[in-house]
Amino acid sequence: MRKTRLKRSLSLTLAVPLLALSLTACGGNNDSGTSSNSGTTNSTNSTNANSGNSNESTAPKQVTLSFLSAWNGGGAGFPQDQENNPVAQAVREKTGVTLKLESITTSEVEKLNTIFASDTVPDIVNAPYWSTTGGEGQVIKKAAMEGQLLDLTPYLDKYPNVKKLMTQGVAKDFAEFDLNSPDLEGKQYVIPMQTPDGTPESIHNWNYGLYARGDILKALGVNAADIDTEDKLLELLAKIKNGDFKDISGKPVIPSGTMHNGWDYSQFLSGWSDYNISDFRQEDGKLIHWTQSKDQEARLLYMRKLITDGLFDPEAFSNTDTTAKEKLATGKLAVFGAQSMIGDLQKTLYKTNPEMQYELLGPMKNKSGNIVTQVEKPGRSGFPVIFLSAKIKDPDAALRLIDYLNSDEGRLLAYWGIAGKTYNMVDGKPQWVADVKKQFDENPDVKRDEGLNYLSGSFMGAFSSEVTWPIPEDQKTQWEKLEASYSKRLPIQIIDKVSATYLVRDWPKYQEFRDETSSLNFDEEFRKACYAKSDDEALKILHGIQDKFKAAGVEEMAAYVAEKAAARDDIGF
């Protein structure tokens, strides 16, 4: 969602007693396939869920399909009862499809390679597709070219809501170079998910930043908004270190840290960032690849200072998701860099110790002195996708399911649940039933286990529930209001340009460069340098990885991109 989605809360999360929900009376949902949607405002673009059946007056054919969520950012938010929660039951009534779900907690690339190598591709797979030149997207594209994915092209006219997902909310350069790569010979194998509906308002704001414990700021007399540069942050962290602050267990706090595996330590280095949409930077009148930026030295030395001065969690880069969230839940981190983490904090720290509620620092300033914020193009470049196995026995059932969920009727069911039980239509807009909303507010897991936001949005695309059904201020929870307050301070920056990164694909030596750099991991070397014995040794590690990219031709590649970009007026860096 990082573009990431948050994983399931750690086991340390406060145990919340099961609520005696009247709405969980599953038996009452058996008629919801019709009644649940009787309040829909308009289902004119709702594909008949019986598509693919010879007799549309009969119930849909009952089909069980295997579904793999090969995406750590998506599968963890699944309901406890994945097959019989109220929304899943209603979806089954409309489409006839039951999903047998599997999710992963390991490497997405590793899992994808395993299912393709063993020829055990589940019927439906959800996986990241950030690019076709690396990572998961490259693995998926290769499998498509080798015939392991179903060619969706012949089916699209039959399923208009699926067809729409192929274009709406997809950035034009990503559509041209990745989604419809010439290598795919005009065939379409993946269905974009979690794309915006085409409006700027529908682009999700992830609220990345630095967040500091409010009680500590108060004790130090520090205004969160004043901390907007790396120097001011360094000063704040030193005060925290010397302030003898404790977590909820009475143990010393760690001045700063991140979530799992160092996500997202770049928030501590945002002063060397800038608005950009490509892998290239303009420095001293010359176009360079990001690995060669002079800023890398300054970034490294700043990160080393945080670590060597005891201002940064020494385990930040090795913390598991569980460990990181334990630290969050106990107020162990005085400052953390990531998204706001409200989904976890509202169930843990904010319940036990509301005075510790984190505050957004700054926002921090970037290299140009502007607010560091989320940079986007009008459409999304890279997203999770759905693909079907070439061996799926009933592709129509899978597409029927996806098409229905992306209809007006299906979306209303997926996001709002059962009409009359979880919501009522008021003046054409859904509104939560009052006592149900209260239970959702008190425990977000209740909404998840009802099946709302169907399977973490893994089947939904080209849409924004917030735009279609804006929640009135008086109906928002305090956490929704808090998240919105962050978004106001971190506005999205939209750059309507073609990324210069795509120009490199025509470079004659592109494949040779990729082969030579495929085993190089700049970030891994950077992290290693952060813990070197001395600054000199750290810089030696940094220069070593930079030299390897030079040897592979990165400077010649940048010169080629600069020449190609000069011939166009729509290229952005």
Side-chain angles (χ1 to χ4, degrees), residues 130-135 137-138 141 167 169-184 200 203 266 269-299 365-383 492-518 520 522-523 542-543 545-573:
W130 311 131
S131 165
T132 57
T133 58
Q138 185 179 27
K141 179 184 175 183
T167 54
V170 180
K172 57 186 178 184
D173 47 13
F174 192 85
E176 177 182 351
F177 294 98
D178 284 298
L179 197 61
N180 302 298
S181 165
D183 295 337
L184 300 176
I203 298 174
S266 71
L269 304 172
S270 53
W272 292 279
S273 68
D274 211 341
Y275 293 140
N276 61 73
I277 57 172
S278 82
D279 289 339
F280 297 90
R281 310 285 182 266
Q282 291 170 311
E283 285 188 5
D284 300 329
K286 182 181 178 182
L287 195 68
I288 63 167
H289 190 256
W290 65 270
T291 58
Q292 307 302 308
S293 172
K294 290 185 297 187
D295 291 339
Q296 296 293 356
E297 288 190 4
R299 295 173 77 248
K365 301 289 182 58
N366 68 10
K367 190 175 179 179
S368 301
N370 298 313
I371 292 174
V372 176
T373 188
Q374 184 177 325
V375 179
E376 297 282 353
K377 287 178 282 187
R380 187 170 175 181
S381 294
F383 26 68
I492 292 174
Q493 174 80 7
I494 296 177
I495 300 177
D496 191 7
K497 295 284 187 179
V498 172
S499 168
T501 300
Y502 288 109
L503 300 180
V504 76
R505 298 191 185 192
D506 293 333
W507 182 38
K509 298 180 181 179
Y510 181 52
Q511 189 56 49
E512 181 182 340
F513 173 80
R514 283 176 49 77
D515 291 342
E516 292 191 25
T517 58
S518 61
L520 301 182
F522 188 95
D523 189 56
L542 173 65
H543 295 155
I545 188 67
Q546 288 179 318
D547 287 344
K548 288 180 180 177
F549 274 91
K550 284 181 184 175
V554 73
E555 291 177 321
E556 184 180 346
M557 181 176 72
Y560 176 84
V561 171
E563 181 181 349
K564 297 285 285 188
R568 301 177 55 159
D569 60 3
D570 62 343
I571 301 300
F573 301 104

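Below, all heavy atoms of this structure are taken into account, side chains as well, without hydrogens, waters or symmetry copies.
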*asked:* Would Tyr502 and Asp178 count as a side chain to side chain contact (heavy atoms under 4.5 Å, CB included) here? Give the steps.
replied: CA-CA 9 Å; Tyr502 288 109; Asp178 284 298; 3.2 Å; yes

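- Residues passing the salt bridge (Lys or Arg N to Asp or Glu O under 4.0 Å) test with Asp284, sequence neighbours excluded: Lys294.
- Applying the side-chain hydrogen bond (donor to acceptor under 3.5 Å, both in side chains) criterion to Gln292, with sequence neighbours excluded, gives no partner residue.
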*asked:* Ile494 vs Ile203, test: side chain to side chain contact (heavy atoms under 4.5 Å, CB included). Steps then yes/no.
replied: CA-CA 10 Å; Ile494 296 177; Ile203 298 174; 4.1 Å; yes

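- When all heavy atoms are compared, the tightest approach of Ile495 to Pro378 is O-CD, 3.9 Å.
- For the residue pair Val372 and Lys365, the shortest heavy atom distance occurs at CG2-C, 3.5 Å.
- Closest approach of Ala565 and Ile571 over heavy atoms only: CB-CG2, 4.0 Å.
- Using a 4.5 Å heavy-atom cutoff, the side chains of His543 and Glu297 are in contact.
- Rounding to the nearest 0.5 angstrom, the gap separating the CG atom in Asn276 from the CD atom in Gln282 is 11.0 Å.
- Of all heavy-atom pairs spanning Trp272 and Ala298, the tightest one is NE1-CB, 3.3 Å.
- Rounded to the nearest 0.5 angstrom, Asp279 CG and Ile288 CD1 are separated by 12.0 Å.
- No side-chain donor-acceptor contact under 3.5 Å links Asp506 and Tyr560.
- Every residue meeting the side chain to side chain contact (heavy atoms under 4.5 Å, CB included) condition with Asp183, not counting sequence neighbours, appears here in chain and number order: Lys141, Met145, Ser181.
- Within the 4.5 Å cutoff, the side chain of Thr291 has no heavy atoms near those of the Gln296 side chain.
- Closest non-hydrogen pair, Trp507 versus Phe513, comes out as CZ3-CB, 3.5 Å.
- Legend: residues meeting side-chain hydrogen bond (donor to acceptor under 3.5 Å, both in side chains) with Asp173, ordered by chain and number and at least two apart, are Lys377.
- At least one side-chain heavy atom of Arg514 sits less than 4.5 Å from a side-chain heavy atom of Gln138.
- Every residue meeting the side chain to side chain contact (heavy atoms under 4.5 Å, CB included) condition with Asp523, not counting sequence neighbours, appears here in chain and number order: Tyr265, Asn521, Arg527.
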*side chain to side chain contact (heavy atoms under 4.5 Å, CB included) between Arg505 and Thr132: does it pass, once the steps are laid out?*
CA-CA 11 Å; Arg505 298 191 185 192; Thr132 57; 3.7 Å; yes

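- Partners of Phe522 under the ring-ring contact (aromatic ring centres under 6.0 Å, His included) rule, at least two apart in sequence or in another chain, are Trp290.
- Every residue two or more places apart in sequence or in another chain was checked for a side-chain hydrogen bond (donor to acceptor under 3.5 Å, both in side chains) with Lys172, and none qualifies.
- Among residue pairs with one or both ends in residues 555-573, those qualifying as salt bridge (Lys or Arg N to Asp or Glu O under 4.0 Å) are Lys509-Glu556, Arg568-Asp570; sequence neighbours excluded.
- Distance check: Glu376 CD to Gln493 CD gives 11.0 Å after rounding to the nearest 0.5 Å.
- A search for side chain to side chain contact (heavy atoms under 4.5 Å, CB included) contacts involving Glu176 returns nothing, not counting sequence neighbours.
- Applying the ring-ring contact (aromatic ring centres under 6.0 Å, His included) rule to Phe549 yields no partners; only residues at least two apart in sequence or on another chain are considered.
- Within the 3.5 Å criterion, the main-chain N or O of Asn366 finds no donor-acceptor partner in the side chain of Ser273.
- In this structure Phe573 satisfies the ring-ring contact (aromatic ring centres under 6.0 Å, His included) test with no other residue, sequence neighbours excluded.
- By the side-chain hydrogen bond (donor to acceptor under 3.5 Å, both in side chains) test, Ser293 is found to be paired with Glu283, residues two or more places apart in sequence or in another chain being considered.
- Nearest heavy-atom pair across Ala171 and Ser381 is CB-OG, 3.2 Å.
- Once rounded to the nearest 0.5 Å, the distance linking CZ of Phe177 with CG of Leu503 reads 7.0 Å.
- In the model, Asp274 has a side-chain atom that pairs as donor or acceptor with a side-chain atom of Ser368 under 3.5 Å.
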